[in-house]
Colleague: 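Quick one: this structure, given as structure tokens, is what I'll be asking you about.
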Amino acid sequence: MDGSVRTEQALQEEVRILRARIATLEETERRHQHLSQQYQAQQSALEEAQLQQQELLHKLAAATEFTEQSHPFDIVFETITTGLALYDINGNILRMNTVYRQMMGIDRHPTYLANNLEERGHALLIHNGKGQALPPEQWPINRILRGEVLGSQQEVDVGITTLDGRELLVTVSGAPMYDAQGKVSHAVVIYQDTTERSQLNQRTHDVLRALLAMAEILVQGTDLADSGETPIKSTVKSSIHRVLQRLMKLARRVLGCQRISITLIEAGSEQLQPVAIVGVDREEILQWQAAFEGMPFSSYISDHQQQMALHAGGPVTIYQPTSFDPTHRHYAVLMPMHTGTRLIGFITIDYGDDVHTWTREEVALAEAVSRLTVLVQERERLLLEQAEAHAKELALLEANQRMDEFLSIASHELRTPLTTINGNIQLAKRRAQTLTFPPETPQDFTNKIELIQELLSRAERQVRIQNRLVGDLLDVSRIQADRLELHMKPCNLLDIVNETIEDQRSANTERTIVMQRPEYAAEFPILADADRVSQVISNYLSNALKYSASDHAIRVYLDRDGPAIRLSVRDAGPGIPLATQDHLWERFYRVPGINVLSGSGVGLGLGLHICRTIIERHQGEVGVISAPDQGSTFWFTLPYHQQSESLS
Ligand code: ADP
């Protein structure tokens with residue numbers, strides 16, 4: 001037991017020692033950690049210090065570099081592309097850039113800068129841009145030194161003669177600089193060379209003015225007064241020539257060329273037709289015209305590639321003898337003129353003996369001139385065509401008017417004697433009928449009386465035909481004058497049809513006219529001028545009788561057709577070819593090859609025209625269904641009249 005007690009004590013002792021050691025180790029560890037934390041903190045502080053040092057070094061280096069560079073103001077001065085100068089209060093130039101030096105030509109006069117402001121200004125001959133000298137107080141630099149700011153709105157255009165003798169237009173702007181007391185101490189002035197820009201502006205202005213004048217020509221057209229130019233004998237009408245001549249004058253001014261001309265290419269023959277030329281004298285005009293009139297286009301431009309180029313729309317430069325002096329060659333530019341895809345001619349431009357270098361603007365301008373020329377020419381051609389068409393129309397109108405007047409007078413004049421003749425025939429017929437003969441009257445005498453009666457009846461028929469023709473003439477002249485009067489009343493179309501058929505039957509006793517209508521209806525109400533509707537039916541019937549053989553029956557159909565009533569007259573005549581059917585309803589139209597087969601052959605080709613007018617004035621329609629050898633069916637419709645459905 002003792003042994004085991006001791007062992008236990010020993011063990012406890014060892015545990016205690018171990019615990020103590022662990023505690024010591026833990027303490028050491030804690031210390032160690034603390035130390036390493038301290039170390040890390042020191043380390044990062046050191047790193048930060050190093051970074052700051054580097055940054056400072058950089059700054060220092062940059063600062064050194066900055067101070068070592070030339071003055072930054074100079075750098076700005078040099079990089080600016082306009083002339084820039086810094087003045088002191090007395091107008092002496094403290095700094096300036098190269099652009100300014102070159103602009104003013106200062107390098108040619110090194111002593112210039114030693115002069116005072118006034119001397120320098122006078123040396124440059126400052127003017128207002130239009131040649132008027134500017135007094136020193138109005139020089140931009142003096143205005144700025146007085147405290148004025150010349151910003152983008154107030155910039156000043158001046159003209160100068162540079163020290164090396166160039167004329168410049170310069171736009172000047174700038175601002176004063178102030179010292180601590182608020183007084184103007186310096187002036188910064190910007191000089192912009194605008195010579196080219198204003199020249200371009202001027203040119204654009206000139207071109208626009210010229211184009212405007214050309215557009216005016218387009219608007220004024222042939223109303224232009226004679227331009228005073230020598231007229232050229234030409235197939236183009238002289239009015240077009242005048243306009244084109246004027247256009248060429250303007251184009252010459254705009255392009256600044258020596259000569260400019262228009263040559264047309266005749267469609268079909270492809271021959272040249274010289275039209276207008278400017279920049280030459282009277283004699284040269286004639287020479288030019290003689291040289292080119294009628295020349296084939298392919299002889300004038302023999303180079304195939306150049307021909308193609310002109311057709312394709314591009315300008316072509318030629319080097320050829322002039323028409324005025326065959327021994328002398330010169331350059332000329334041809335500008336093609338097109339209508340649609342067709343090359344209709346060209347404008348020839350030359351600058352005399354100079355080899356002219358064309359700018360893009362000049363080419364565009366010449367193209368615009370060529371387009372304008374085409375427009376002018378087209379417009380004139382259309383105007384002429386229009387005038388001719390108008391003249392024809394007027395002539396036709398007048399002829400028609402005269403014809404209508406004639407018809408109206410003639411029909412009135414004819415109607416009166418016809419009425420008298422008719423009255424006399426009736427009287428004679430009645431007298432002849434009432435004649436009583438004693439039994440001993442010779443047979444020969446009574447035969448003669450019968451013959452007279454027969455002749456009177458024939459005369460009566462003739463008068464009826466004449467009356468109808470005169471009536472037609474009168475109606476047509478009324479229609480033309482829009483004076484066909486209708487007396488509209490509710491009526492029954494069936495009654496009108498029956499009465500008209502009866503009239504025709506009694507006048508044509510040998511013919512068969514069959515009427516067909518549906519059983520269910522006894523009334524076909526319409527609102528109409530009954531006499532006029534009867535006239536239409538009568539015309540359809542007499543045509544059917546006239547143009548068909550006497551052994552053929554005529555059929556009349558009457559029926560409802562939707563909101564209308566339809567009447568058709570069918571015959572077994574020759575029929576009418578489709579191509580002529582549309583013309584049937586025109587005045588004085590008669591179908592070629594259609595002959596009268598029975599009854600009277602007289603016809604003026606007016607009946608159907610009158611029929612259509614009457615029916616259309618009743619809001620109805622007319623038509624025909626026909627084909628050669630198939631007979632014809634002439635029809636019309638009239639609106640069914642609801643209100644008068646129950647006619648008494
Ligand atoms: P016209 O007095 O000549 O008959 P219309 O105006 O009535 O005048 O007719 C015009 C022409 O239409 C006629 O000349 C004739 O050629 C043709 N035509 C009219 N009706 C018929 C018909 N039923 N059959 C064949 N042709 C006809």
Side-chain angles (χ1 to χ4, degrees), residues 403-404 407 410-411 414-415 418 461-480 484 497 500-501 503-505 507-508 511-516 531-558 566-617 620-636:
M403 172 74 134
D404 293 338
L407 287 181
S411 45
L414 287 171
R415 189 143 254 193
L418 274 178
R461 275 202 301 280
Q462 289 302 322
V463 168
R464 209 170 37 235
I465 290 169
Q466 292 299 322
N467 232 336
R468 186 174 59 75
L469 293 180
V470 173
D472 279 359
L473 282 176
L474 203 59
D475 282 347
V476 163
S477 59
R478 281 187 189 127
I479 289 170
Q480 290 309 111
L484 186 76
V497 176
T500 316
I501 290 177
D503 286 348
Q504 289 289 347
R505 278 186 186 138
N508 303 274
R511 300 300 299 262
T512 313
I513 303 174
V514 184
M515 164 76 181
Q516 288 186 355
D531 289 342
R532 288 295 183 187
V533 173
S534 167
Q535 183 183 346
V536 175
I537 303 167
S538 181
N539 202 91
Y540 278 12
L541 282 173
S542 54
N543 277 353
L545 293 166
K546 208 160 56 169
Y547 297 112
S548 64
S550 53
D551 55 341
H552 283 140
I554 310 298
R555 294 181 188 280
V556 180
Y557 302 91
L558 184 65
R566 175 186 286 256
L567 177 121
S568 312
V569 175
R570 168 143 190 76
D571 65 58
I576 302 160
L578 194 65
T580 58
Q581 287 181 13
D582 273 352
H583 300 292
L584 285 175
W585 313 91
E586 292 167 7
R587 276 200 302 168
F588 301 110
Y589 184 80
R590 307 182 68 198
V591 182
I594 290 200
N595 302 316
V596 174
L597 298 182
S598 57
S600 158
V602 190
L604 295 174
L606 291 176
L608 290 178
H609 176 71
I610 297 168
C611 290
R612 184 179 67 174
T613 311
I614 292 173
I615 294 299
E616 285 179 353
R617 291 278 306 272
E621 285 175 37
V622 296
V624 63
I625 303 160
S626 185
D629 302 324
Q630 305 286 311
S632 308
T633 303
F634 281 83
W635 59 264
F636 69 76

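Every number for a ligand or one of its atoms is a count from 1 in the order of the listing.
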Colleague: Looking only at atom types and distance, does a side-chain atom of R617 sit under 3.5 Å from a main-chain N or O of L484, one as donor and one as acceptor?
Modeller: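 Answer holds: yes.
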Colleague: According to side-chain hydrogen bond (donor to acceptor under 3.5 Å, both in side chains), does anything in residues 603-613 pair up with another residue at least two apart or in another chain? List the pairs.
Modeller: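 Applying side-chain hydrogen bond (donor to acceptor under 3.5 Å, both in side chains) to every pair that reaches into residues 603-613, excluding sequence neighbours, yields nothing.
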Colleague: Taking side chain to side chain donor-acceptor pair (under 3.5 Å) as the definition, give me every residue that meets it alongside R505, ordered by chain and number, with sequence neighbours left out.
Modeller: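 If we apply the side chain to side chain donor-acceptor pair (under 3.5 Å) test to R505, skipping adjacent residues, the hits are E502.
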Colleague: Considering the heavy atoms of K546, write down every atom of ligand 1 situated less than 4.0 Å from one of them.
Modeller: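 This gives 1 (P), 2 (O), 4 (O) as the contact atoms.
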Colleague: State whether the side chain of D571 and the backbone N or O of S632 hold a donor-acceptor pair below 3.5 Å, judged by distance alone.
Modeller: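 It does hold such a pair.
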Colleague: Under 3.5 Å between any N/O of G607 and any N/O of ligand 1: does that happen in this structure?
Modeller: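 In this structure, G607 places an N or O atom under 3.5 Å from an N or O of ligand 1.
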Colleague: I need the atoms of ligand 1 closer than 4.0 Å to a non-hydrogen atom of L606, numbered in the order shown.
Modeller: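 By the 4.0 Å cutoff, the relevant atoms are 6 (O), 8 (O).
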Colleague: Determine whether V533 and F636 satisfy the following criterion, side-chain contact (heavy atoms from CB on, under 4.5 Å), listing intermediate values before the conclusion.
Modeller: CA-CA 10 Å; V533 173; F636 69 76; 4.2 Å; yes
Colleague: Show the atoms of ligand 1 that are less than 4.0 angstrom away from any heavy atom in G605.
Modeller: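 The list of qualifying atoms is 1 (P), 2 (O), 3 (O), 6 (O), 8 (O).
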Colleague: Geometry only, no angles: is H609 polar-contacting ligand 1 at N/O separations under 3.5 Å?
Modeller: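 N/O-N/O distance below 3.5 Å does not exist for this pair.
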Colleague: Judged on heavy-atom distance to atom 9 (O) of ligand 1, which of V624, L541, L608, L584 sits nearest?
Modeller: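 Nearest heavy atom to atom 9 (O) of ligand 1 lies in L608.
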Colleague: With heavy-atom distances below 4.0 Å as the criterion, list the atoms of ligand 1 near N539.
Modeller: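 So the atoms of ligand 1 that pass are 7 (O).
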Colleague: Where on I576 is there a heavy atom closer than 4.0 Å to ligand 1, on the side chain, on the backbone, on both, or on neither?
Modeller: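 For I576, only side-chain atoms sit under 4.0 Å from ligand 1.
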Colleague: Taking only heavy atoms of S632, which atoms of ligand 1 are found under 4.0 Å from at least one of them?
Modeller: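 Listed by number with element, the hits are 24 (N).
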Colleague: Say whether F634 and ligand 1 are in contact under the criterion: heavy-atom distance to a ligand atom below 4.0 Å.
Modeller: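 Contact check F634 vs ligand 1: positive.
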Colleague: Backbone N or O of I576 within a donor-acceptor pair of the S626 side chain at under 3.5 Å?
Modeller: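 Present.
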Colleague: Looking at non-hydrogen atoms alone, which of Y589, Y547, W585 comes nearest to atom 24 (N) of ligand 1?
Modeller: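 Residue with the shortest heavy-atom distance to the ligand atom: Y547.
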Colleague: Do other residues, nucleotides or ligands put more than 12 heavy atoms under 6.0 Å from D629 CG?
Modeller: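 Incorrect, the count does not exceed 12.
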Colleague: Among V591, L597, T633, V569, which residue places a heavy atom closest to atom 17 (C) of ligand 1?
Modeller: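 Minimum heavy-atom distance to atom 17 (C) of ligand 1 goes to V591.
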Colleague: Above 12 or not: heavy atoms from other molecules or residues under 6.0 Å from CD of Q581?
Modeller: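 Correct, the count exceeds 12.
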